[in-house]
Amino acid sequence: MFRFAAIGALVVGAVIAAPASASQLIDRNTSGAHLAVNAKGEALLTYQARGATQRVLVWGAVNARQPTAGKPQVRFQKDYAGGWGKYHTRYWENFGNSCRSYDGAPLAFVVAACKAPDGSYWALQSWQTPLPDLGMTPWLPVQRARELHVSHWRGPIAKLDAWADWVGSDRYHQLFGRATYDGQPVYGFGTTRAGAPTDGYGRLIYLDTYNSTYGKGWRRENSFVPHNPTGVFCYAFYSFDPTHGYPHPKGYPTTPRGPGTGEKYRLTMAGPGVTPDVSMIVPGLHNFDHANSADVAFDAKQNAILDSIIGSDKLCRTH
């Protein structure tokens with residue numbers, strides 16, 4: 001499954017109730033981000049972007065709703081005028097700050113985090129979401145952008161579990177796992193033909209590969225959704241034609257890219273609802289050796305793990 005970057009425009013001076021699928025995104029290419037919260041369940045974000053100070057007031061949501069057909073996912077309301085749109089005053093000037101020291105779960109890509117007076121948590125996270133797939137070098141500015149996300153929650157955050165294995169008569173490398181929130185599967189109710197979620201419950205899992213066939217460092221391999229209704233996912237590393245279904249520069253060669261196997265892999269998912277983004281690292285594997293008893297035993301062990309989590313999933317049954 002492939003993802004296509006969506007480029008949104010910020011409306012300055014307006015109160016915005018964003019679509020649930022993008023409820024955490026605040027801005028791109030920011031610096032000096034500061035987080036302040038109050039006892040009213042509001043957060044004031046202050047940062048630099050586009051050569052000026054930006055102030056965004058956020059409120060109206062916490063945690064996430066478990067997947068429920070016919071009901072929208074929770075979402076923030078956002079005022080990009082720093083409170084002027086909501087209160088018609090220079091609200092940011094007297095906002096104050098009741099942030100306490102953060103003592104919650106470890107967070108990936110964290111910029112700022114704190115504990116609110118009511119015991120809930122707020123956080124800002126920033127990472128490169130729209131990188132091109134198949135290890136391609138970004139050719140558009142938006143593909144290099146670092147997105148700033150905000151989250152608000154009580155209790156547990158989402159969790160990714162993942163394992164490496166071999167598949168296809170053990171000729172190919174594979175990652176498999178599951179996405180859960182509060183012990184329940186994370187999934188949506190539909191995707192586009194390109195594999196992007198079409199509702200506020202679906203979440204893309206972004207897969208990066210390190211020191212791979214694409215080159216040194218981290219490169220984006222692909223992205224995909226956990227399956228409905230199990231939250232299970234599986235991804236095999238094959239070669240792909242970069243001009244078939246993938247965004248690519250004009251005139252890009254049709255030579256297959258990959259498999260993008262690497263020394264290790266990073267899986268990252270935007271949190272369900274308005275919960276924080278989560279990420280994990282999985283060590284890579286060497287090529288399978290049928291004559292190596294350790295490889296055979298490891299393969300059997302990983303197959304047993306897959307069997308234990310798969311439940312009713314029909315898309316990840318091949319060992």
Side-chain angles (χ1 to χ4, degrees), residues 8 10 14-28 30 33-47 54-68 71-83 85-87 91-92 95-127 129 146-160 179-184 186 197 199-203 268-279:
L10 300 180
V15 177
I16 302 173
S21 60
S23 63
Q24 291 182 277
L25 174 63
I26 295 297
D27 211 332
R28 296 176 175 86
T30 66
H34 178 264
L35 170 66
V37 304
N38 63 20
K40 297 167 61 176
E42 297 173 326
L44 179 65
L45 318 181
T46 306
Y47 56 88
Q54 311 293 331
R55 300 179 182 90
V56 184
L57 186 68
V58 179
W59 74 96
V62 65
N63 288 349
R65 178 176 283 129
Q66 296 291 357
T68 307
K71 287 188 177 182
Q73 181 58 281
V74 302
R75 61 187 185 182
F76 284 127
Q77 289 182 279
K78 299 181 282 190
D79 179 357
Y80 280 89
K86 182 179 182 181
Y87 294 106
Y91 190 65
W92 62 91
F95 185 82
N97 188 5
S98 300
C99 268
R100 303 172 183 173
S101 296
Y102 181 77
D103 60 1
L107 299 175
F109 314 121
V110 64
V111 175
C114 74
K115 189 173 186 178
D118 64 0
S120 65
Y121 297 103
W122 289 86
L124 297 178
Q125 294 166 284
S126 180
W127 52 287
T129 309
R146 300 188 71 86
E147 295 185 351
L148 182 67
H149 294 184
V150 63
S151 53
H152 184 207
W153 75 100
R154 298 185 184 90
I157 65 175
K159 183 182 181 184
L160 289 173
T180 57
Y181 168 66
D182 200 16
Q184 300 300 312
V186 173
D199 60 76
Y201 293 102
R203 285 295 183 264
T268 305
M269 180 182 75
V274 297
T275 62
D277 304 342
V278 294
S279 187

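Only this structure's heavy atoms are used, side chains among them; waters, hydrogens and symmetry mates stay out.
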Evaluate side-chain contact (heavy atoms from CB on, under 4.5 Å) for Tyr201 paired with Thr68, printing each intermediate quantity in order. CA-CA 8 Å; Tyr201 293 102; Thr68 307; 3.9 Å; yes

Rounded at 0.5 Å granularity, tell me how far [atom1] in [X] sits from [atom2] in [Y].
| X | Y | atom1 | atom2 | answer |
| --- | --- | --- | --- | --- |
| Leu57 | Tyr80 | CG | OH | 11.5 Å |
| Trp127 | Thr268 | CH2 | OG1 | 5.5 Å |
| Leu45 | His34 | CG | NE2 | 10.0 Å |
| Thr46 | Phe95 | OG1 | CZ | 9.0 Å |
| Trp153 | Tyr181 | CH2 | OH | 10.5 Å |
| Leu124 | Ser151 | CG | OG | 7.5 Å |

Arg154: which residues meet the salt bridge (Lys or Arg N to Asp or Glu O under 4.0 Å) condition with it, sequence neighbours left out?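 Residues passing salt bridge (Lys or Arg N to Asp or Glu O under 4.0 Å) with Arg154: Asp118.
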
Qualifying residues under salt bridge (Lys or Arg N to Asp or Glu O under 4.0 Å), relative to Asp182, sequence neighbours excluded: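 Expected list: none.
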
Does any part of the side chain of Ile157, heavy atoms only, come nearer than 4.5 Å to the side chain of Tyr121, both counted from C-beta?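 No. Closest side-chain heavy atoms not under 4.5 Å.
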
For residues Leu44 and Tyr91, determine if any side-chain heavy atom of one lies less than 4.5 Å from a side-chain heavy atom of the other.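 Side-chain contact under 4.5 Å: no.
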
Short side-chain to backbone donor-acceptor contact, [X] and [Y], under 3.5 Å:
| X | Y | value |
| --- | --- | --- |
| Arg65 | Gly273 | no |
| Arg203 | Gly200 | yes |
| Gln125 | Asp277 | yes |
| Asp199 | Gly202 | yes |

[X] versus [Y], closest heavy-atom pair with distance:
| X | Y | answer |
| --- | --- | --- |
| Leu35 | Cys114 | CD2-SG, 4.0 Å |
| Val74 | Ala61 | CB-CB, 4.5 Å |
| Gly183 | Thr180 | C-CB, 4.5 Å |
| Pro117 | Asn38 | CD-O, 4.0 Å |
| Cys99 | Ala36 | SG-CA, 4.3 Å |
| Lys40 | Tyr87 | NZ-OH, 3.1 Å |

Test side-chain contact (heavy atoms from CB on, under 4.5 Å) on Asp79 and Val56; report intermediate values, then the result. CA-CA 6 Å; Asp79 179 357; Val56 184; over 6 Å; no

Is there a side-chain contact (heavy atoms from CB on, under 4.5 Å) between Val186 and Met269 once you walk through the steps? CA-CA 10 Å; Val186 173; Met269 180 182 75; 4.3 Å; yes

Sort and list the pairs that fulfil salt bridge (Lys or Arg N to Asp or Glu O under 4.0 Å) and have at least one residue in residues 96-111, not counting sequence neighbours.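 Output for this query lists Asp103-Lys115.
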
When the ring planes of His152 and Phe76 are compared, do they come out parallel, tilted or perpendicular, using 30° and 60° as the limits?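 His152 vs Phe76 ring planes: parallel.
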
Between His149 and Ser126, does any side-chain donor sit less than 3.5 Å from a side-chain acceptor?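 Distance-only check fails for His149 and Ser126.
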
Glu147-Thr129 side chain donor-acceptor pair, cut-off 3.5 Å: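 Distance-only check passes for Glu147 and Thr129.
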
Any cation-pi pair here, Lys86 with Trp59, using under 6.0 Å and within 45°?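 Judged by the rule (NZ or CZ under 6.0 Å from the ring centre, within 45° of its axis), Lys86 counts as positioned above Trp59.
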
Lys159 and Val278: CA distance, side-chain angles, deciding distance, side-chain contact (heavy atoms from CB on, under 4.5 Å) verdict: CA-CA 7 Å; Lys159 183 182 181 184; Val278 294; over 6 Å; no

